[in-house]
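In what follows, chains are A, B, ... by sequence order, proteins preceding strands, each numbered from 1.
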2 protein chains.
Amino acid sequence: MKTERRRQLSTAEERRESVLRTAIGAFAGKGYFGTTTTEVARAAGISQAYVYRLFPTKEALFTAVVEYCFHRVRAALEEGAARATGSTPEAVLDSMGDAYARLISDNDLLLVQLHAQAAAVSEPAVREAVRTGYARTVEYVRGASGAGEEDVQRFFAVGMLCHLLVSIDAEAVDAPWTRTLAKGITRY
Amino acid sequence: MKTERRRQLSTAEERRESVLRTAIGAFAGKGYFGTTTTEVARAAGISQAYVYRLFPTKEALFTAVVEYCFHRVRAALEEGAARATGSTPEAVLDSMGDAYARLISDNDLLLVQLHAQAAAVSEPAVREAVRTGYARTVEYVRGASGAGEEDVQRFFAVGMLCHLLVSIDAEAVDAPWTRTLAKGITRY
DNA sequence: ATGGGGTGTAGTCGACCACTCACTCTTTCT
DNA sequence: AGAAAGAGTGAGTGGTCGACTACACCCCAT
């Protein structure tokens, strides 16, 4: 009966991952400085003290969340690339973009990326996480699609434009300027 | 001699504007939640209490700063457009982009825009300020350049890409991925 | 020369923050 | 059975924040 899965307590590793998952929703709203560790704890269903047993500091917690987000983005891109293997670079990029659009239909992922970018300005650890995250992502997109520099650049530029559209909830504003900015961008 | 400029005390209006100008530098680093009103006061060379005499709340102060930034962006774009009147839409966009690049050679302007975007997620007043700011800017760029929707969209997408590059200080990283993202983007 | 209104500050206050520690309860090992 | 190891928490700590009040100062019109 060793491997019996009936346990009241989870292992620390399980907890750490579940905290990462739920912390995305917590940080998505008010970002690194605006979100308290108490809110993260409540979202995870544990005490605030235990957050500090799982992660040494708030900063370490946030950077772990950021890295987790980049992993999920990477997974989505891989799935998109797999669905278009053997096509032209442009078609692969399109498929990746579609997979990304599907991933961020839950806005929280994208909002954490935005807040991470903002926190990267003043927090060196966050900056480092964001840098390596984008480094890996850019190189992956380039390699998996085989697209030229300009197309890869446009791919990320449009991604950044998505950050803007989501952060100000442009969907809720029906005006020429929102239609111009959102033109051709898929929403699920 | 009414307009005699020798005064130790400034009028509240003058102070308000000087606070807005210096507050850009204060908010540029850690954004809305991460910057204290005391820091804003110190940057302006006044007491923290006086910040609250000039602006009713921290939120009102921040949104005023955001609006001030949009005004300066608008002025730069106008200058860029003026330098290319009568050219093709593409040339006007180029000239505007160049003027914008010059404006944000001081990074603070752009960082405030980024932080405003982040704060817009949770603070309705900030969201409203950012929305109307972009609404005006998009319509101005469209009207002054006469460019098509796609070009206008790309113009702003590249602007958003600049936000990323500056926030993670991509200039300091010499790697293929940074060169790809920064390709063709002027830096002064 | 003085009264009054605008400029500016010191001091404070309750709320809340990141973080700590002593402690209990559960599971596993022997 | 009993002890060691690990999961999880209640109750704080010191410090700081936004906001407010009460008061000093300066300048100009009268």
Side-chain angles (χ1 to χ4, degrees), chain A residues 1-23 26-27 29-66 115 119 122-126, chain B residues 1-23 26-27 29-66 115 119 122-126:
Chain A
M1 272 243 207
K2 276 186 118 94
T3 51
E4 174 71 57
R5 284 283 72 191
R6 287 276 143 268
R7 267 170 71 85
Q8 278 175 282
L9 274 51
S10 11
T11 70
E13 211 41 62
E14 281 171 346
R15 268 291 189 222
R16 222 184 304 268
E17 215 202 286
S18 102
V19 169
L20 287 184
R21 232 175 314 122
T22 56
F27 280 118
K30 308 174 86 172
Y32 177 60
F33 294 108
T35 306
T36 70
T37 56
T38 305
E39 285 164 355
V40 172
R42 187 165 44 241
I46 60 175
S47 70
Q48 186 246 17
Y50 198 47
V51 171
Y52 276 88
R53 184 138 306 202
L54 299 172
F55 299 92
T57 62
K58 186 190 185 183
E59 189 184 62
L61 164 65
F62 187 70
T63 59
V65 170
V66 171
H115 287 302
S122 62
E123 306 304 295
V126 176
Chain B
M1 275 313 149
K2 276 184 116 82
T3 51
E4 174 70 58
R5 288 281 73 192
R6 288 273 143 266
R7 267 172 72 88
Q8 275 175 284
L9 273 50
S10 14
T11 70
E13 210 41 61
E14 281 171 346
R15 267 292 188 219
R16 221 184 306 267
E17 216 203 285
S18 101
V19 169
L20 287 185
R21 232 175 313 123
T22 56
F27 279 119
K30 308 175 85 170
Y32 177 61
F33 293 107
T35 306
T36 70
T37 55
T38 305
E39 286 164 354
V40 173
R42 187 165 45 240
I46 59 175
S47 72
Q48 184 250 14
Y50 198 47
V51 171
Y52 277 90
R53 182 155 303 213
L54 299 172
F55 300 92
T57 62
K58 186 189 184 184
E59 189 183 62
L61 164 65
F62 187 70
T63 58
V65 170
V66 171
H115 287 302
S122 62
E123 306 303 295
V126 177

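Of the candidates dC19(C), dG10(D), dA19(D), dC19(C) carries the atom nearest the T57(A) side chain, counting heavy atoms from C-beta on. Nearest nucleotide to the T36(B) side chain, out of dG18(D), dT9(C), dT7(C): dG18(D). Closest to the side chain of K58(A), from the set dC21(C), dG18(D), dA18(C), is dA18(C). For T11(B), taking side-chain heavy atoms from C-beta onward, the closest of the listed nucleotides dT7(C), dC21(C), dA19(D) is dT7(C).
The phosphate of dG8(C) (OP1 or OP2) has a side-chain N or O of R15(B) nearer than 4.0 angstrom. When the side-chain nitrogen and oxygen atoms of S47(A) are compared with OP1 and OP2 of dG8(D), none of them lie within a distance under 4.0 Å. Checking the phosphate oxygens (OP1, OP2) of dT9(C), no side-chain nitrogen or oxygen of Y50(B) falls inside 4.0 Å.
To the nearest angstrom, P of dA18(C) lies 13 Å from CZ of F33(B). Here the P atom of nucleotide dC17(C) and the OH atom of Y32(A) are 14 Å apart, to the nearest Å. Between the CZ atom of R42(A) and the C1' atom of dT9(D) there is a distance of 16 Å, given to the nearest Å. If you measure from atom CD of Q48(A) to atom P of dT20(C), you get 11 Å, rounded to the nearest angstrom. One interatomic measurement links the two molecules: NZ of K30(B) to C1' of dG18(D), which rounds to 16 Å at whole-angstrom precision. Atoms CD1 (I46(A)) and C1' (dT24(C)) sit 17 Å apart, rounded to a whole Å. Between the P atom of dC19(C) and the CG atom of L54(A) lies a distance of 14 Å, rounded to the nearest Å. The distance between atom CD of E13(A) and atom P of dG6(D), rounded to the nearest whole Å, is 13 Å.
Interatomic distance, F55(A) CZ to Y50(A) OH, rounded to the nearest 0.5 Å: 10.5 Å. Expressed to the nearest 0.5 Å, how far CD of E13(B) lies from OG of S18(B) amounts to 11.0 Å. Distance check: K58(B) NZ to Y52(B) OH gives 7.0 Å after rounding to the nearest 0.5 Å. How far CG of L20(A) is from CG of L54(A): 9.5 Å, rounded to the nearest 0.5 Å.
Within the nucleic acid shown, A12(A) comes within 4.0 Å of sugar-phosphate atoms alone, with no base atom in reach, counting heavy atoms only.
A tilted orientation is assigned to the rings of Y32(A) and F62(A), their planes being inclined by 30° to 60°.
Mapping T37(A) and R53(A) onto DNA chain C via the closest heavy atom, the residue that lands nearer the 5' end is T37(A).
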